[in-house]
Amino acid sequence: MKYAYYPGCSLSSTGVEYDISTKKVAESLGIELWEIPEWNCCGASSAHLTDHLLALALPARNLAIAEEKGLDVAIPCAACYARCKATEVEVKDSKEMQKTISEVIERQYTGKAQARALLDVFVNDLGLQSISTLVNKPLKDLKVVSYYGCLLVRPPRLGFDDAEDPQSMDKLIEALGGTPVDWAFKTECCGAAHATTKSEVGFPMIEKILTAAKEAGADCIATACPLCMSNLDMRQTQVGAKYGKNYSLPVFYFTELMGIALGLNPEELGISKHFVDALGIVKKLNEAAGRRDTA
Amino acid sequence: MERIELTAAWAEGQEVLAEVTKESGVRASKCYQCGKCTAGCPVAFAMDKTPREIMRLVQLGLMDEALQSQTIWLCASCDTCSTRCPREVDIARMMETLRIIAKRKGFVAEKKMDLFHDLFLKSVEKNGRVHELGLILGFNIYGMQPLKDAHFGPSMLLKGKLSPLPHTIKDNGEVKKIFANVRKRGGKL
């Protein structure tokens, strides 16, 4: 299995551990990722609020490079994925748009190279059965709420999962030996950049999600988006201080949880880069596994 | 409550309404005002007009009121409204288009948000990728809040989550050309 790989800007900075864990896990699973050389920013989430054509043209250049290579594109970041998917679909739907875009980017893109969410690739192309056979450190008794965020499964006509009650990440957690916990905030928006640009709007949105996860009885949150991660992890203490709450809720990229279950070293997966300590819970998992082995 | 003369407003609003409809591909007349968009909107609590009200203003041709609202800037583009609309109206696309047109007409109800997106795209045009540290520093300086979130800086740098210098891609001429070609076609960037 081989895909073009589009990490996107956040994965080389604030979301660097998403990039690290994606590459390590893909390697363990035998999936080859060909990083698009000299890829550019897809414009999320500023271009589509400024100019519709620019919003389609920026992702199109990356998709065109993948198309030349004859590969579909695996995309970890939910926001990048949404913008790339929107471009693919508009180009496919309209010959006129295809022509316009090709003129603007000065490359050919016909919509043949598809934008694929990394989660979709793992769950539906590789399959849960194959993944579960490779698990050697199951996430036993780890209660995880899957936080898909708003962009990964929308709009419904383009999605690989249910837009209101998606299941793929929950099933993945189960295949990794963990306990998926149902909750009502799977696709609720975290406010994206609002926490930075207008915190009086962004912070309450983050607060609701963290509180819901806590009330659902989760040990941790699994996410598929670097901006969701920043909001829920980096800002967790800041938001908690504002609302007088202490959530102490580790947040993982789903790829990190996969890496742990596949037996990779948590430090090497980048888990020490989180703001809310997430290594502690991994250590506890390993200790419990050790006790089970000796018992 | 302020009285609104609907007949005159309807005539006045037609030109902008046609522009919004053409650019968004969304027919506001399909909306039957059930309010499901507003019920599910995670940002409705902070808006000056609810998404349903914006749709009604557009239906009535009261375009200036829609374009001057904070709502179109506060919309987080999460698509919950469009996903749930029983009439399949793409409300999020409508919000996005209203915002683009509002900016073109000089109605910017949320200056800081506008600044953030401008700086973001400048960074992309210059380097091919967004330089997050540069974006945040620029946002704080131009937004006159130099120390906002500054406490995250040192640990972000230590964790290797922020790069002091931008990464400029080799083929950046191509990205600059994309911006230039969009401008040639009338894009106001």
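Proteins come first, then strands; the chains are lettered A, B, ... in the order of their sequence lines, and each starts at number 1.
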Begin with the C-alpha distance, continue with both residues' side-chain angles, and end with the deciding distance and a verdict on side-chain hydrogen bond (donor to acceptor under 3.5 Å, both in side chains) for A:Asn40 and B:Glu174.
CA-CA 9 Å; A:Asn40 60 277; B:Glu174 276 191 53; over 6 Å; no

Using side-chain contact (heavy atoms from CB on, under 4.5 Å), reason through A:Thr187 and B:Thr83 one step at a time and then give a plain yes or no.
CA-CA 11 Å; A:Thr187 60; B:Thr83 301; over 6 Å; no

side-chain contact (heavy atoms from CB on, under 4.5 Å) for B:Asp79 and A:Cys150? Distances and angles first, verdict last.
CA-CA 7 Å; B:Asp79 262 4; A:Cys150 57; over 6 Å; no

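Annotation: maximal heavy-atom pairing with chain A below 4.5 Å, among B:Leu121, B:Leu133, B:Val124, B:Val175, occurs at B:Leu121. Per-residue heavy-atom pair counts under 4.5 Å with chain A were compared for B:Val43, B:Leu74, B:Ile72, and the maximum is reached by B:Leu74. Contact count versus chain B (heavy atoms, under 4.5 Å) is highest, among A:Leu54, A:Val16, A:Leu58, A:Thr100, for A:Leu54. For chain B, the option among A:Cys41, A:Cys9, A:Gly8, A:Ser46 with the highest count of heavy-atom pairs below 4.5 Å is A:Ser46. Interface check for chain B: of the options A:Glu188, A:Met234, A:Glu200, A:His274, the most heavy-atom pairs under 4.5 Å are formed by A:Met234. The candidate with the highest count of non-hydrogen atom pairs below 4.5 Å against chain B, out of A:Met205, A:Glu17, A:His194, is A:His194.
Expressed to the nearest 0.5 Å, how far NZ of A:Lys208 lies from CZ of B:Phe45 amounts to 5.0 Å. Put simply, CZ on B:Arg185 and CD on A:Glu103 are 5.0 Å apart, with the number rounded to the nearest 0.5 Å. The structure places CZ of A:Arg154 at 6.0 Å from CZ of B:Arg84, a figure rounded to the nearest 0.5 Å. To the nearest 0.5 angstrom, A:Lys273 atom NZ is 11.5 Å from B:Ser155 atom OG. Atom-to-atom distance recorded for B:His117:NE2 and A:His48:NE2 is 7.5 Å, nearest 0.5 angstrom. Of the inter-residue distances, the one linking A:Thr50 atom OG1 with B:Lys188 atom NZ reads 13.5 Å to the nearest 0.5 angstrom.
What you find for B:Phe139 and A:Thr196 is that their closest heavy atoms are CE2-O, 3.7 Å. The two residues B:Asn181 and A:Val104 have their closest heavy-atom pair at ND2-O, 2.8 Å. Annotation for B:Ile100 and A:His52: closest pair CD1-N, 4.3 Å, computed over non-hydrogen atoms. The two residues A:Ser272 and B:Lys159 come nearest to each other via the heavy atoms O-NZ, 3.8 Å. What you find for B:Lys148 and A:Ala195 is that their closest heavy atoms are NZ-O, 3.6 Å. Among all heavy-atom pairs drawn from A:Asp51 and B:Gly187, the shortest one is OD2-CA, 3.3 Å.
Heavy-atom distances place the side chain of A:Gln238, and not its backbone, under 4.5 Å from chain B. Only the side chain of B:Glu110 comes within contact range of chain A, with at least one heavy atom under 4.5 Å from a heavy atom of that chain. Of the atoms belonging to A:Ala193, it is side-chain heavy atoms, and not backbone ones, that fall under 4.5 Å from chain B. When heavy atoms are compared at a cutoff of 4.5 Å, A:Ser10 approaches chain B by way of both its backbone and its side chain. With a 4.5 angstrom heavy-atom cutoff, A:Ala44 touches chain B only via backbone atoms. In this structure, the portion of B:His151 lying under 4.5 Å from any heavy atom of chain A is its side chain and not its backbone. Neither the backbone nor the side chain of A:Arg157 comes within contact range of chain B, judged by heavy atoms closer than 4.5 Å. For A:Val201, the parts sitting under 4.5 Å from any heavy atom of chain B are the backbone and the side chain alike. At a 4.5 Å heavy-atom cutoff, the contact between A:Leu151 and chain B is made by side-chain atoms alone. A:Ala192 does not touch chain B: none of its heavy atoms, backbone or side chain, sits under 4.5 Å away. Residue contact with chain A, scored on non-hydrogen atoms closer than 4.5 Å, is absent for B:Ser82.
For CD of A:Glu35, the number of neighbouring non-hydrogen atoms (other residues, nucleotides, ligands) closer than 6.0 Å is greater than 12. The number of heavy-atom neighbours closer than 6.0 Å to NZ of A:Lys92, taken from other residues, nucleotides and ligands shown, is above 12.
Checking B:His167, B:Met156, B:Glu132 one by one against A:Ser13, the side-chain contact (heavy atoms from CB on, under 4.5 Å) holds for a single residue, B:Glu132.
Taking the ring axis of A:Phe275 as reference, the NZ or CZ atom of B:Lys161 does not stay both within 45° of it and closer than 6.0 Å to the ring centre.
Contact check for A:Ser45 versus B:Phe120: no side-chain heavy atoms found under the 4.5 Å cut-off.
Side chain of A:Glu38 to main chain of B:Lys170: a donor-acceptor pair is present (N/O by atom type, distance under 3.5 Å, no hydrogens or angles). The closest donor-acceptor contact from the side chain of B:Lys112 to the backbone of A:Thr197 lies at 3.5 Å or more, if one exists at all.
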